[in-house]
Protein chains: 2
Amino acid sequence: MTPASNTPSEPGSQPKGRASIYDVAAHAGVSAQTVSRVANGQTNVRPTTRDRVLESIQALGYRPNSAARNLKSGKFRSIGFVTFNLATLGNEQTLNAVAEASEKAGYTTTLLPVTDPTKLDVAGAFSRLEEQAVDGIILVMSAEVGSLDELKVTLGLPLVIVDSDAMLPYTIVDTDQEQGSGLAVRHLLDLGHRDIVHVSGPEISFSARRRAETYRTTMAEAGLEARPVLVGDWSAQSALALTRELFADGPPPTAVFAGNDQMALGVIHAIRERGLRVPEDVSVVGFDDAEEAAVSWPALTTVHQNFDQVGRNATSLLLSLIDGAPDTRRKVLIPTHLVVRDSTGPVRSGPVPSA
Amino acid sequence: MTPASNTPSEPGSQPKGRASIYDVAAHAGVSAQTVSRVANGQTNVRPTTRDRVLESIQALGYRPNSAARNLKSGKFRSIGFVTFNLATLGNEQTLNAVAEASEKAGYTTTLLPVTDPTKLDVAGAFSRLEEQAVDGIILVMSAEVGSLDELKVTLGLPLVIVDSDAMLPYTIVDTDQEQGSGLAVRHLLDLGHRDIVHVSGPEISFSARRRAETYRTTMAEAGLEARPVLVGDWSAQSALALTRELFADGPPPTAVFAGNDQMALGVIHAIRERGLRVPEDVSVVGFDDAEEAAVSWPALTTVHQNFDQVGRNATSLLLSLIDGAPDTRRKVLIPTHLVVRDSTGPVRSGPVPSA
DNA sequence: CGGCGTCATGGTAACGCAAACAATACCCCG
DNA sequence: CGGGGTATTGTTTGCGTTACCATGACGCCG
């Protein structure tokens with residue numbers, strides 16, 4: 001069998017495809033098996049043989065074919081990262097951490113594009129997800145997915161879910177939304193604020209709902225009445241618009257808890273438009289601790305969310321599942337901490353000047 | 001040949017591995033080839049047979065094994081995305097666009113983690129990049145890579161470079177740094193500013209150097225003297241520190257052109273600390289048009305960089321290379337446009353008040 | 001000096017799939 | 001009724017790799 005020189009059209013020209021292990025074997029005068037051993041760094045090869053093989057590898061530019069290797073091993077050494085929206089700070093940072101952590105374990109990270117959450121359904125005969133060349137999947141759900149129960153039945157791959165509601169029968173890693181939101185609201189309460197408005201992310205987002213819920217319960221625990229939650233879409237623009245409306249409708253609150261930093265910036269913008277000052281007239285707390293939080297004017301008090309740790313945890317859990325650990329369906333909550341900067345201050349003693 | 005039931009340990013239990021095409025064939029009473037035809041949607045199968053096969057596929061939960069398919073076809077239907085740093089706005093947005101564009105073409109995107117640029121060297125015997133299960137590579141270089149010439153020799157995969165110097169013998173896609181920087185500086189000149197300072201990204205960055213260079217040449221073209229460039233590291237913190245030093249050393253300029261929006265925010269912060277106003281005392285222009293630029297206070301005048309288009313262009317160029325198009329080593333420059341907001345204004349007529 | 005263990009290397013097979021080719025059944029038309 | 005298609009299905013083969021087993025060479029010990 002001479003798999004080399006499969007296209008002897010032009011003598012002297014190198015074969016079209018990349019060199020295979022047999023080409024190297026022939027060039028070095030050894031068996032393919034020995035080349036394989038050298039390529040994989042096994043020790044039971046005589047040094048002189050090894051050198052000869054390495055030379056041939058160099059000469060032919062041989063690279064192991066990962067498809068063949070994957071086929072043989074049944075593994076891909078790759079983690080699938082599924083999200084519906086890479087554009088948010090959290091998803092992007094989580095991906096970053098996942099990519100880094102999986103690299104350390106010798107895995108690559110494959111972005112599995114799912115533009116439409118409903119496509120997680122069994123599409124036709126197959127679930128497309130399972131056809132992908134990955135050993136396991138990290139599913140970052142910032143929004144509700146209708147058919148996740150079906151997914152459970154169908155998916156024959158290890159799965160870890162990030163940023164989701166707690167109710168699903170999977171291993172879950174998430175920021176502790178409750179703990180973080182409690183931190184934010186209690187910080188405002190401690191500063192003496194009693195009239196606090198929450199501007200939240202969209203209804204569809206689990207974390208947005210969780211933060212809004214915690215806002216209400218924390219207010220209730222303090223014996224205070226919560227204002228209606230202003231529902232935005234995470235964007236600064238939406239918060240800007242909502243806060244303008246709020247000011248148009250009645251007296252401003254003394255403090256705002258924004259669902260994320262972007263929205264906090266929008267809120268601050270609207271407050272300033274109104275001729276009010278932050279934090280003297282209105283205090284603002286954000287959520288995320290994005291990079292711009294530290295340099296906005298004033299620097300933003302916010303809840304630091306440890307996306308890196310979320311990503312690292314999700315990755316290591318998934319890798320252990322891939323290695324055959326039983327799926328204990330644990331729920332791992334990553335704690336946050338409050339970063340107090342300049343956008344919050346004690347409540348004014350006098351009444352807020354009407355605009 | 002009966003590849004099924006490889007582990008008959010527990011009768012009644014399904015085999016350990018996933019069902020193969022042979023298992024389905026046996027279950028449906030047809031040949032593996034027919035299953036393959038059904039799975040790939042070929043038309044030359046009798047409807048009754050097709051239905052029977054589909055039922056068996058369902059029953060066994062069969063999913064095509066992509067490793068075997070890749071091995072057979074020699075393709076992976078995946079694009080490798082290489083960067084040294086996912087955390088920057090531009091890289092992240094570019095990745096997002098690449099992922100979207102490659103999805104549309106039926107490709108996945110694989111993150112090829114390269115923590116250390118020098119690792120692009122031939123490491124040991126192989127270039128690890130070529131071992132990856134990808135059909136081509138998009139290399140996002142925000143910093144200089146020493147051994148790229150070697151890479152050229154070694155890499156046997158289609159390659160498109162993003163965000164790089166123009167000198168390399170590859171197909172290159174980049175934001176038109178010169179055009180964008182010219183826009184920013186001339187905008188300030190048009191407003192009457194004569195004393196303009198540039199706060200740049202790090203020396204190692206091609207785009208930072210290009211922007212600084214354009215700052216100097218544009219000033220020279222206007223017959224003005226450029227101030228020494230303040231070299232930061234893209235972070236708001238670095239710009240904050242540099243601007244503080246600048247103010248400590250002498251009279252402030254009437255305008256600052258910042259290398260990116262983050263740094264512009266840092267500059268504005270420092271200006272305010274000094275008791276000066278933006279834009280009345282000092283105008284500030286950024287670069288990138290990040291989301292927060294629109295809602296910072298004041299809203300930031302900046303150069304909009306179309307990362308989406310960069311990513312889309314890079315992807316379609318790479319896909320055509322993968323499809324066998326000759327590498328014409330074109331250089332594609334994506335134009336920017338200036339977004340004028342509230343951080344720039346006409347130069348003050350009187351002298352700047354000394355602090 | 002013979003037997004046995006160890007080391008180095010080679011041969012064979014199989015991973016799962018699909019292209020190429022082969023075979024069969026059926027139909028139409030002369 | 002037979003030749004030559006067309007439609008459907010089956011068989012063989014090989015993609016590149018590595019696990020497994022076989023083989024041969026060598027050295028050591030009794």
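Any value given below was found using the heavy atoms of this structure, including those in side chains, with hydrogens, waters and symmetry copies removed. A, B, ... follow the sequence lines: proteins, then strands. Residue 1 opens every chain.
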Asks: D:dT9, OP1 or OP2 - any side-chain N/O from B:Thr49 closer than 4.0 Å?
Replies: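 B:Thr49 to D:dT9 OP1/OP2: side-chain N or O found under 4.0 Å.
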Asks: Within this structure, what is the CD-to-P distance between A:Gln42 and D:dT18, rounded to whole angstrom?
Replies: 9 Å
Asks: Provide, to the nearest angstrom, the distance between the CG atom belonging to B:Asn70 and the P atom belonging to D:dG16.
Replies: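 Rounded to whole Å, this separation is 13 Å.
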Asks: Closest heavy-atom contact between A:Ala28 and A:Arg52?
Replies: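 Shortest heavy-atom contact: O-NH1, 2.6 Å.
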Asks: Is it the case that the side chains of B:Ser102 and B:Thr315 hold a donor-acceptor pair, with the cut-off being a distance below 3.5 Å and no angle test?
Replies: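 No donor-acceptor contact under 3.5 Å links the two side chains.
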Asks: Hey, does the side chain of A:Arg69 come within less than 4.0 Å of D:dT18's phosphate (OP1/OP2), counting only N and O?
Replies: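 Answer is yes, contact under 4.0 Å.
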Asks: Find the distance B:Lys72:NZ to C:dC15:C1' and express it as a whole number of Å.
Replies: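 For the pair B:Lys72 NZ and C:dC15 C1', the rounded distance is 14 Å.
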Asks: Does OP1 or OP2 of D:dG16 have a side-chain N or O of A:Ser36 closer than 4.0 Å?
Replies: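 The answer is no; no side-chain N or O of A:Ser36 sits under 4.0 Å from OP1 or OP2.
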Asks: Give one of base, sugar-phosphate or nothing for A:Ser73, where a contact means two heavy atoms less than 4.0 Å apart.
Replies: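 Counting heavy atoms under 4.0 Å across all strands, no contact is made by A:Ser73.
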Asks: In whole Å, what is the span from the CG atom of B:Leu71 to the P atom of C:dA14?
Replies: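 Answer to the nearest Å: 17 Å.
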Asks: May I have the distance from A:Arg77 (atom CZ) to D:dT17 (atom P), rounded to whole angstrom?
Replies: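 A:Arg77 atom CZ is separated from D:dT17 atom P by 17 Å.
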Asks: May I ask you to verify if any side-chain N or O of A:Thr34 is less than 4.0 angstrom from the OP1 or OP2 atom of C:dA8?
Replies: no
Asks: Which residue lies toward the 5' end of DNA chain D, A:Ile21 or B:Arg37, if each is placed at its nearest nucleotide?
Replies: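 Between the two, 5'-proximity favours B:Arg37.
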Asks: Between A:Tyr22 and D:dG14, is there a contact of a side-chain N or O with OP1 or OP2 at under 4.0 Å?
Replies: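 Checking A:Tyr22 against D:dG14: no side-chain N or O falls below 4.0 Å of OP1 or OP2.
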Asks: Regarding D:dG16, can its base be found pairing with the side chain of A:Arg63 as donor and acceptor, where the two atoms are less than 3.5 Å apart?
Replies: no
Asks: Hey, is the side chain of B:Ser31 poking within less than 4.0 Å of OP1 or OP2 on D:dG10, counting only N and O atoms?
Replies: yes
Asks: Quick one: pull up CG in B:Asp23 and NE2 in B:His27 and give me the separation to the nearest 0.5 Å.
Replies: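 Taking CG in B:Asp23 and NE2 in B:His27, the distance rounds to 10.0 Å.
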Asks: Working to the nearest 0.5 angstrom, can you tell me the gap between A:Leu159 CG and A:Ile322 CD1?
Replies: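 Separation between the atoms: 10.5 Å.
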Asks: Tell me the interatomic distance from B:Arg46, atom CZ, to D:dT9, atom C1', rounded to whole angstroms.
Replies: 9 Å
Asks: Contact class for B:Asn40 vs. all strands (heavy atom < 4.0 Å): base, sugar-phosphate, or nothing?
Replies: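 It contacts sugar-phosphate atoms only.
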Asks: Just call it for B:Val45: base, sugar-phosphate, or nothing, with non-hydrogen atoms closer than 4.0 Å on any strand.
Replies: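 The answer is sugar-phosphate, as B:Val45 gets under 4.0 Å only of primed atoms, P, OP1 or OP2.
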Asks: Please give, in whole Å, the distance from C:dG16 P to A:Glu130 CD?
Replies: 15 Å
Asks: To the nearest Å, how far apart are A:Glu131 CD and C:dC17 C1'?
Replies: 13 Å
Asks: Would you say the side-chain atoms of A:Thr110 and B:Thr108 include a donor-acceptor pair closer than 3.5 Å?
Replies: no
Asks: With heavy atoms under 4.0 Å as the rule, sort B:Asn44 into base, sugar-phosphate or nothing.
Replies: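 The answer is base, as B:Asn44 lies within the cut-off (heavy atoms under 4.0 Å) of a base atom.
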